[in-house]
Engineer: 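Next up is a structure, given as structure tokens.
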Amino acid sequence: MEKKLIKKVFVDQANMLAVGESREITVFGEIGAEFNINIIKINGSSKESYYNYKTNTFTEAFVAANNLQVKLTNNSFSKVIIFPADTNGEVYSIKTIAKEPTTKFINGNFVDTKTITQVGQTIIAFQVPSTSTIDDNLVSLPTAVQSTGSTALSQTVTIPIAWTFTNTSSDEKGFGLRLPGLPESNEFIIPDNLWYSQTGTVVDGTHSSVFDITVNSTDKVVAGMELSGYLESGTNKIFVTAVSDTVITLSAAISAANDAQLTFKAYGPSLIKSIFGQEVEFSGFVARGTPLQKQVRTQTTFPTSNGNVTLPLSGTYGVGGGGHVRLEGFNVNNTGNNNLITTVSASSTAGSVVINYSGAELDSALTIPIGTKLNVIGSHQVITVTGNVKVKKYPDQNAKVILDTVQIITAGTADE
């Protein structure tokens, strides 16, 4: 008996989003062709499951309802399949099996297999370091901004970020927050290379002052990454120069104990993408200090001679010492480095600052009356970070992208 022919099996095999969807399977062939359709969900390392045509769900047990038997009564047959939501990312195998005694495919085979990949959803968290040298000087850390998206993202997602860093109000830690340099403006444009993603690994064996470190895994460790927490001669950063099997070669020798945790950071969008997979673009990121004023508590005269002058204020919080911050306002001479604050005696309502005064070029002494409001230059109680992140590709697994605020914000002290 001449076998009936199945000419074509069609189903949209484009990647399916994690939210799930319905897709139609169509089989074209000769009237009388007989076949079965089985749909198998391949659950990664878990047991596979099968589509139940009565319940429109996938079940682990294979029963009669998982097997769709068809005999063509015209030249085509169609069936809509409901694929469920699944954020893990799955592969579905659609098998059309010709009934061998009576039917075959036009190419002579007896089985046709189509696959559909359901892409997962992952989360990118944009955040500041969970621990840093400025934590104790802040009221709290800004909350991470999370974005969930498909690993098969087809269009750019823009995520606005607005973080606030507030200096704690206390005599011990309330010496303000500084941006890089001593800017006349209160802004710092944040470069892209201050964002990073990181990975960790564990040292295998004890190492003493060596360049090559053996670890338990080098996954996502590549040349160009920075070794966190280590410095060469106290100043120079240490980088990965090569990776081979379980050995990481560094740009400087270090000592590390067995089972010590090493953290490696990939700075900048290009390195982040090449290692971790997420493609992000940073737009318009800037750190701005909120202008700060302090009021003079006691009338003070600045002499024409050089020296230190103590200026009482009605509260000092937000003002730091060490020669990084100065005052500006009525009868304040800012020629050269005049009025750099060297020491702060902290108080919420009183206190004072010692100013390094070098105004010998003045013809007469200048008096600052009580109640005079002076602008604080170079120190802030509040700094905001704002900008937009454009996500062009989500990673295959959840990831963090971190802004290195330690290189942006410095906590002031009383005299350093």
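Counting begins at 1 with the first residue of the sequence.
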Engineer: Please, which pairs that meet side-chain hydrogen bond (donor to acceptor under 3.5 Å, both in side chains) have at least one residue in residues 189-199, sequence neighbours excluded?
Structural biologist: Ser197-Gln278

Engineer: Backbone N or O of Leu340 within a donor-acceptor pair of the Arg326 side chain at under 3.5 Å?
Structural biologist: no

Engineer: Determine the minimum heavy-atom distance between Asn388 and Pro160, stating which atoms define it.
Structural biologist: OD1-CA, 3.2 Å

Engineer: Is the number of heavy atoms from other residues, nucleotides or ligands within 6.0 Å of CZ (Phe10) greater than 12?
Structural biologist: no

Engineer: According to the ring-ring contact (aromatic ring centres under 6.0 Å, His included) rule, which pairs have a member within residues 116-167, sequence neighbours left out?
Structural biologist: none

Engineer: Between Thr113 and Ser93, does a side-chain contact (heavy atoms from CB on, under 4.5 Å) hold up when you go through it step by step?
Structural biologist: CA-CA 7 Å; Thr113 302; Ser93 177; 3.5 Å; yes

Engineer: Under 3.5 Å, which donor-acceptor pairs link side chains of residues 341-348 to any protein atom two or more places apart or in another chain?
Structural biologist:
from: Thr342; atom 1: OG1; to: Val354; atom 2: O; distance (Å): 3.2
from: Ser347; atom 1: OG; to: Thr349; atom 2: N; distance (Å): 3.3
from: Ser347; atom 1: OG; to: Ala350; atom 2: N; distance (Å): 2.9

Engineer: With side-chain hydrogen bond (donor to acceptor under 3.5 Å, both in side chains) as the rule and sequence neighbours excluded, what pairs involving residues 242-260 come up?
Structural biologist: Asp212-Thr249

Engineer: So Phe105 and Thr96, side-chain contact (heavy atoms from CB on, under 4.5 Å) or not? Walk me through it.
Structural biologist: CA-CA 10 Å; Phe105 284 88; Thr96 304; 3.9 Å; yes

Engineer: Checking the side chain of Asn109 only, and the main-chain atoms of Val111 only, is there a donor and an acceptor separated by less than 3.5 Å?
Structural biologist: no

Engineer: Quick one: are Ile213 and Leu250 in side-chain contact, heavy atoms under 4.5 Å?
Structural biologist: yes

Engineer: Say whether, by atom type as modelled, one donor and one acceptor occur between the side chain of Thr59 and the main chain of Ala61 under 3.5 angstrom.
Structural biologist: yes

Engineer: Can you pull the ring-ring contact (aromatic ring centres under 6.0 Å, His included) pairs that have at least one residue in residues 385-416, sequence neighbours excluded?
Structural biologist: none

Engineer: Any donor and acceptor pair, going by atom type alone, linking the side chain of Asn167 with main-chain N or O of Gln381 inside 3.5 Å?
Structural biologist: no

Engineer: Let's go through Thr158 and Lys390 carefully: what are the C-alpha distance in whole Å and the side-chain angles of both, what is the deciding distance for side-chain hydrogen bond (donor to acceptor under 3.5 Å, both in side chains) to 0.1 Å, and is it a yes or a no?
Structural biologist: CA-CA 4 Å; Thr158 300; Lys390 297 179 180 179; 5.6 Å; no

Engineer: Would you check if the side chain of Asn67 reaches a backbone N or O of Ala64 as a donor-acceptor pair within less than 3.5 Å?
Structural biologist: no

Engineer: Could you tell me whether Lys393 atom NZ has more than 12 heavy atoms of other residues or ligands within 6.0 Å of it?
Structural biologist: yes

Engineer: Could you please spell out the steps behind the side-chain hydrogen bond (donor to acceptor under 3.5 Å, both in side chains) verdict for Thr55 and Thr57?
Structural biologist: CA-CA 5 Å; Thr55 63; Thr57 60; 2.7 Å; yes

Engineer: Quick check: does any side chain N or O of His207 sit under 3.5 Å from a backbone N or O of Thr214, one acting as donor and the other as acceptor?
Structural biologist: yes

Engineer: Check whether Arg297 reaches the backbone of Gly351 with its side chain - one donor and one acceptor, N or O, closer than 3.5 Å.
Structural biologist: yes

Engineer: Heavy atoms, side chains only, cut-off 4.5 Å: are Val222 and Lys220 in contact?
Structural biologist: no

Engineer: I would like to know whether Asn56 and Tyr51 meet side-chain hydrogen bond (donor to acceptor under 3.5 Å, both in side chains); could you show each step before the answer?
Structural biologist: CA-CA 7 Å; Asn56 295 321; Tyr51 189 75; 2.8 Å; yes

Engineer: Examine distances only and state if a side-chain atom of Thr300 and a backbone atom of Thr298 form a donor-acceptor pair shorter than 3.5 Å.
Structural biologist: yes

Engineer: How far apart are the closest heavy atoms of Gly289 and Leu179, and which atoms are they?
Structural biologist: N-CD1, 4.0 Å

Engineer: For residues Ser379 and Gly176, report the shortest heavy-atom separation together with the two atoms involved.
Structural biologist: OG-CA, 3.6 Å

Engineer: Looking at Leu194, Ile134, Val128, which hits side-chain contact (heavy atoms from CB on, under 4.5 Å) with Ile408?
Structural biologist: Leu194

Engineer: Got a sec, which residues hit side chain to side chain contact (heavy atoms under 4.5 Å, CB included) with Asp219, two or more places apart in sequence or on another chain?
Structural biologist: Ser217

Engineer: Show every donor-acceptor pair shorter than 3.5 Å between a side-chain atom in residues 365-375 and any protein atom, with sequence neighbours excluded, or say none if there are none.
Structural biologist:
from: Thr367; atom 1: OG1; to: Thr301; atom 2: OG1; distance (Å): 3.0
from: Thr372; atom 1: OG1; to: Pro369; atom 2: O; distance (Å): 2.8
from: Asn375; atom 1: OD1; to: Gln293; atom 2: NE2; distance (Å): 3.0

Engineer: So do the side chains of Val325 and Val376 get within less than 4.5 Å of each other, counting heavy atoms only?
Structural biologist: yes

Engineer: For residues 114-123, which side-chain donor-acceptor pairs fall under 3.5 Å, sequence neighbours excluded?
Structural biologist:
from: Lys114; atom 1: NZ; to: Val9; atom 2: O; distance (Å): 3.4
from: Lys114; atom 1: NZ; to: Asp112; atom 2: OD1; distance (Å): 2.9
from: Lys114; atom 1: NZ; to: Asp112; atom 2: OD2; distance (Å): 3.0
from: Gln118; atom 1: OE1; to: Tyr92; atom 2: OH; distance (Å): 2.8
from: Gln118; atom 1: NE2; to: Leu17; atom 2: O; distance (Å): 3.4
from: Gln118; atom 1: NE2; to: Pro84; atom 2: O; distance (Å): 2.8
from: Thr122; atom 1: OG1; to: Pro395; atom 2: O; distance (Å): 2.8

Engineer: Excluding sequence neighbours, so at least two apart, what forms salt bridge (Lys or Arg N to Asp or Glu O under 4.0 Å) with Lys104?
Structural biologist: none

Engineer: Can you pull the side-chain hydrogen bond (donor to acceptor under 3.5 Å, both in side chains) pairs that have at least one residue in residues 311-323, sequence neighbours excluded?
Structural biologist: Asp171-Tyr317

Engineer: Find out whether Thr290 and His380 are in side-chain contact, i.e. whether some heavy atom of one side chain is under 4.5 Å from a heavy atom of the other.
Structural biologist: no

Engineer: Indicate yes or no: at least one non-hydrogen side-chain atom of Ile377 is less than 4.5 angstrom from one of Leu327.
Structural biologist: no

Engineer: side-chain contact (heavy atoms from CB on, under 4.5 Å), that's the test. Do Val27 and Val70 meet it? Break it down for me.
Structural biologist: CA-CA 10 Å; Val27 181; Val70 180; over 6 Å; no

Engineer: Nearest 0.5 Å, please: how far is CG in Leu141 from OG in Ser130?
Structural biologist: 8.0 Å

Engineer: Val286 and Ile190: which non-hydrogen atoms are nearest, and at how many Å?
Structural biologist: C-CD1, 4.0 Å

Engineer: Check residues 260-271 and write down every donor-acceptor pair under 3.5 Å in which the side-chain atom is one partner and the other belongs to a residue at least two apart or another chain.
Structural biologist:
from: Tyr267; atom 1: OH; to: Asp404; atom 2: OD2; distance (Å): 2.6

Engineer: Counting C-beta onward and ignoring hydrogens, is there a side-chain heavy-atom pair between Phe35 and Ile6 closer than 4.5 Å?
Structural biologist: yes

Engineer: Please examine the side chains of Arg23 and Ile81, heavy atoms only from C-beta on, and report whether any two atoms are closer than 4.5 Å.
Structural biologist: no

Engineer: Please step through side-chain contact (heavy atoms from CB on, under 4.5 Å) for the pair Leu177 and Leu138, ending with a clear verdict.
Structural biologist: CA-CA 9 Å; Leu177 306 171; Leu138 300 176; 3.9 Å; yes

Engineer: Taking the side chain as everything from C-beta on, heavy atoms only, tell me whether Phe83 gets closer than 4.5 Å to Met16.
Structural biologist: yes

Engineer: When you check the gap from the basic side-chain N to the acidic O, do Lys392 and Glu281 get nearer than 4.0 Å?
Structural biologist: yes

Engineer: Could you give all pairs that pass the side-chain hydrogen bond (donor to acceptor under 3.5 Å, both in side chains) test and reach residues 5-18, with sequence neighbours left out?
Structural biologist: none

